[in-house]
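Note that ligands are numbered from 1 as they come in the structure, with each ligand's atoms numbered from 1 the same way. Excluded from the calculations below are hydrogen atoms, water molecules and symmetry mates; all remaining heavy atoms, backbone and side chain alike, are included.
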Amino acid sequence: MMPIFDDTFDVIVVGGGNAGFSAATTAAQCGAKVALVEKAPESENGGNTFYTAGAYRYCFDGLQDLLPILSKDDGTQGLPQDLIEKIDITPYTKDDFHADIKRICKNRSDPELARVLVDGSRAAIQWIADNGGKWHLSFHRQAYEVDGRYKFWGGMVTAFLGGGKALVEWHIDLAKRNGVQIFWGTPATSLIVDDESGNNTGNVIGLEVDQQGLRRRFRAHGGVILACGGFQASPALRAQYLGPGWDLAHVRGCKYSTGDGHRMAGKVNAQVAGNYSGCHSVCWDADSPANGGNRQMTNQYTKSGYPLGLMLNIDGIRFVDEGVDLRNYTYAIFGREVLKQPASTAFQVWDSAGSQWLRKEEYADNVTANTRAETLEELADKLASRGLRNKQQFVDTIREYNRAVHCFRDEYPYKRWDPSRKDGISTQSSKTRLALPKSNWALPIEQGPFSAVEITCGVTFTFGGLQVDPGTACVVSDINRRPIDGLYAVGELLGGLYYSNYPGGSGLTAGTVFGRIAGEHAAGIARTKTSNMNHR
Ligand SMILES: Cc1cc2nc3c(=O)[nH]c(=O)nc-3n(C[C@H](O)[C@H](O)[C@H](O)COP(=O)(O)OP(=O)(O)OC[C@H]3O[C@@H](n4cnc5c(N)ncnc54)[C@H](O)[C@@H]3O)c2cc1C
């Protein structure tokens with residue numbers, strides 16, 4: 001028997017982050033009556049998206065392609081000509097994006113999902129720009145000033161102006177202007193299935209939500225789009241899927257993403273996909289809160305200055321090659337390496353030469369607890385109060401590293417240090433080779449004052465999600481491998497794109513690309529169904 005519904009919509013979206021709002025607004029722009037239900041109260045809006053830097057990765061054809069969508073930092077359109085002339089940006093082609101996904105995700109990413117993401121990436125950015133979203137060049141994040149020129153690196157060069165906070169504000173405003181009804185503090189609790197559809201998997205025809213303790217049932221003619229994030233905010237699910245110790249990682253963003261979408265979809269036999277033991281995790285300020293991000297600081301707890309220095313654990317031992325690749329391609333895996341260290345903490349260390357390149361956003365004194373000292377011995381003494389338990393080893397490791405750096409420099413005096421590219425300045429020469437190399441940007445750590453910051457592991461989002469049909473974002477059934485009518489998954493909940501690692505900036509792009517695909521498809525289904533009903 002058909003349940004009694006409290007309200008009826010064409011499309012219902014679960015989750016108010018970038019993916020959910022991209023889906024909801026697109027569906028509304030296609031003429032659908034849309035509801036978006038969000039578990040968090042309005043005062044905690046935006047999901048993980050709120051905490052982001054607003055950085056999107058997409059294909060573009062050099063600076064000329066970007067100029068029409070770029071704004072200055074004050075929000076006015078365009079860039080001054082004298083600045084344009086000092087910028088070095090190389091195009092980021094579809095082949096580049098594919099190669100990055102393949103390399104970074106160890107050739108495991110679902111090729112069809114990757115193709116849809118890459119092909120749709122530039123159009124997604126244009127849709128945002130066409131709807132009033134503003135883009136700016138990431139001078140501080142993705143460029144270094146070398147010889148008076150701004151050299152951009154890492155394939156990802158722009159961000160939404162104002163970062164995640166502004167992105168969420170823009171999304172909410174645009175959704176409202178397009179007529180999307182937003183229900184804050186309204187968690188989705190289960191999917192409603194039409195058992196009499198004759199379809200083996202049952203069609204999803206609506207959603208049950210909790211509204212201030214009351215159970216409400218919403219009908220969805222075109223479908224329910226799940227955009228309610230990963231399970232990163234559930235310590236129990238983290239320990240279960242990611243492994244022992246993961247319950248102790250700090251949650252970087254939204255505390256409401258506890259795997260509700262996985263659970264609800266599991267009950268209608270959705271097929272899972274992707275890297276369930278994998279997640280995005282970064283070097284994160286040890287003084288950050290454990291169970292969810294700070295809405296004031298958001299992304300500033302990230303500590304991504306390690307390519308210009310060293311990382312040592314509390315026993316004074318290095319544990320990763322800090323310069324193995326550009327930061328965009330290592331930052332999402334180094335959190336896991338920190339978690340593995342004793343006490344799940346470590347220290348990032350620089351000398352006076354390295355520390356001048358650190359971004360104030362992450363390392364200013366009002367952002368993080370910098371420990372400073374004139375000598376390495378004094379630095380080790382001070383870090384003992386933050387947990388360093390082998391001071392001598394700490395000093396010895398850095399001195400051994402310095403010797404290796406000097407041997408390399410003696411052998412290759414013509415090589416130029418350049419933070420904007422993999423410069424090959426390393427610790428490995430014919431005279432000395434470290435067991436754990438630093439492969440690029442190997443500056444000696446020898447000129448005081450020295451500085452250090454204590455870090456831990458910050459988990460961003462989980463990679464395991466639901467299998468979708470790449471062309472529609474419809475969730476696939478585990479029973480017959482066919483799309484489940486009326487059920488979609490987008491954003492962090494979409495599984496199969498990322499394995500082990502992740503090319504920085506792809507999360508927001510994927511959310512917009514697949515969110516828009518799902519929104520358009522569900523709106524189309526609603527149109528067909530309601531016009532059929534009208535003709536009966
Ligand atoms: C600090 C930080 C910085 C980041 N920086 C970037 C960046 O610059 N670029 C990038 O590409 N990615 C970045 N990311 C990754 C980011 O997580 C994703 O790219 C993207 O924001 C995820 O969007 P989403 O819509 O899938 O999820 P979210 O934005 O997390 O939205 C999911 C929403 O679902 C809600 N929800 C959960 N359960 C329910 C339920 N039962 N009912 C209703 N609602 C529910 C949640 O409350 C949340 O609001 C960053 C993440 C963090 C934490």
Quick check: Thr509 and ligand 1, any N/O pair under 3.5 Å apart? no

I need the single residue from Tyr329, Tyr306, Trp284 that forms a ring-ring contact (aromatic ring centres under 6.0 Å, His included) with Phe334. Which is it? Tyr306

May I ask you to check if ligand 1 and Pro187 share an N or O to N or O distance below 3.5 Å? no

With under 30° as parallel and over 60° as perpendicular, where do the rings of Tyr241 and Phe231 fit, or are they tilted in between? tilted

Backbone N/O of Arg252 and side chain of Tyr51: donor-acceptor pair under 3.5 Å: no

Nearest protein heavy atom with distance in Å, relative to atom 50 (C) of ligand 1: Thr52 CG2, 3.4 Å

Taking only residues two or more places apart in sequence, or in another chain, which ones meet Lys102 in a salt bridge (Lys or Arg N to Asp or Glu O under 4.0 Å)? none

Under 4.0 Å, counting heavy atoms only: does Phe231 come that close to any atom of ligand 1? no

Can we say Asp88 and Lys151 salt-bridge, meaning some charged N sits less than 4.0 Å from an Asp/Glu carboxylate O? yes

Residues Asp365 and Lys360 bridged, charged N to O under 4.0 Å: no

Residue part near ligand 1, for Ala227, under 4.0 Å between non-hydrogen atoms: backbone

Arg295/Glu44 salt bridge by N-O under 4.0 Å criterion: no

Would Glu38 count as a polar contact of ligand 1, with the cut-off being nitrogen or oxygen pairs under 3.5 Å? yes

Do any N/O atoms on Gly229 end up under 3.5 angstrom from N/O atoms on ligand 1? no

Under 3.5 Å between any N/O of Ala188 and any N/O of ligand 1: does that happen in this structure? yes

Could you walk me through whether Ile182 and Lys176 pass the side chain to side chain contact (heavy atoms under 4.5 Å, CB included) test, one step at a time? CA-CA 8 Å; Ile182 305 172; Lys176 285 184 176 166; 4.1 Å; yes

Does the residue Cys254 have a heavy-atom contact with ligand 1, meaning some pair of atoms that are separated by less than 4.0 Å? yes

Can Asp65 and Arg122 be counted as an ion pair, charged N to O under 4.0 angstrom? yes

Is Thr460 in contact with ligand 1, taking contact as a heavy-atom separation below 4.0 Å? yes

Sub-4.0 Å atoms of ligand 1 with respect to non-hydrogen atoms of Gly54: 8 (O)

Looking only at protein heavy atoms, which one is nearest to atom 1 (C) of ligand 1, and how far off is it? Tyr51 O, 3.4 Å

To atom 29 (O) of ligand 1, the nearest of Val168, Thr49, Thr186 on a heavy-atom basis is Thr49

Run the contact test for Gly163 against ligand 1 with a 4.0 Å cut-off on heavy atoms, strictly below, and give the result. no

Within the structure, does Ala19 bring an N/O atom to less than 3.5 angstrom of an N/O atom in ligand 1? yes

Selected option - heavy-atom contact closest to atom 45 (C) of ligand 1, from Lys39, Glu492, Arg141: Lys39

For the CZ atom on Arg215, are there more than 12 heavy atoms of other groups (residues, nucleotides or ligands in this structure) within a distance under 6.0 Å? no

Do Asn48 and Thr460 have side-chain atoms, one donor and one acceptor, less than 3.5 Å apart? no

Using a strict 4.0 Å cut-off to heavy atoms of Gly491, name the atoms of ligand 1 that fall inside it. 26 (O)

Check ion pair Asp100-Arg57 (N to O, under 4.0 angstrom): yes

Based purely on interatomic distance, does Leu508 place a nitrogen or oxygen under 3.5 Å from a nitrogen or oxygen of ligand 1? yes

Basic-acidic side-chain contact under 4.0 Å: Asp7, Arg216: no

Please check whether Asp260 reaches ligand 1 - meaning an N/O of the residue sits under 3.5 Å from an N/O of the ligand, judged on distance alone. yes

Would you check whether Val490 has a nitrogen or oxygen atom less than 3.5 angstrom from a nitrogen or oxygen atom of ligand 1? no

Please say whether Met264 places an N or O atom under 3.5 Å from an N or O atom belonging to ligand 1. no

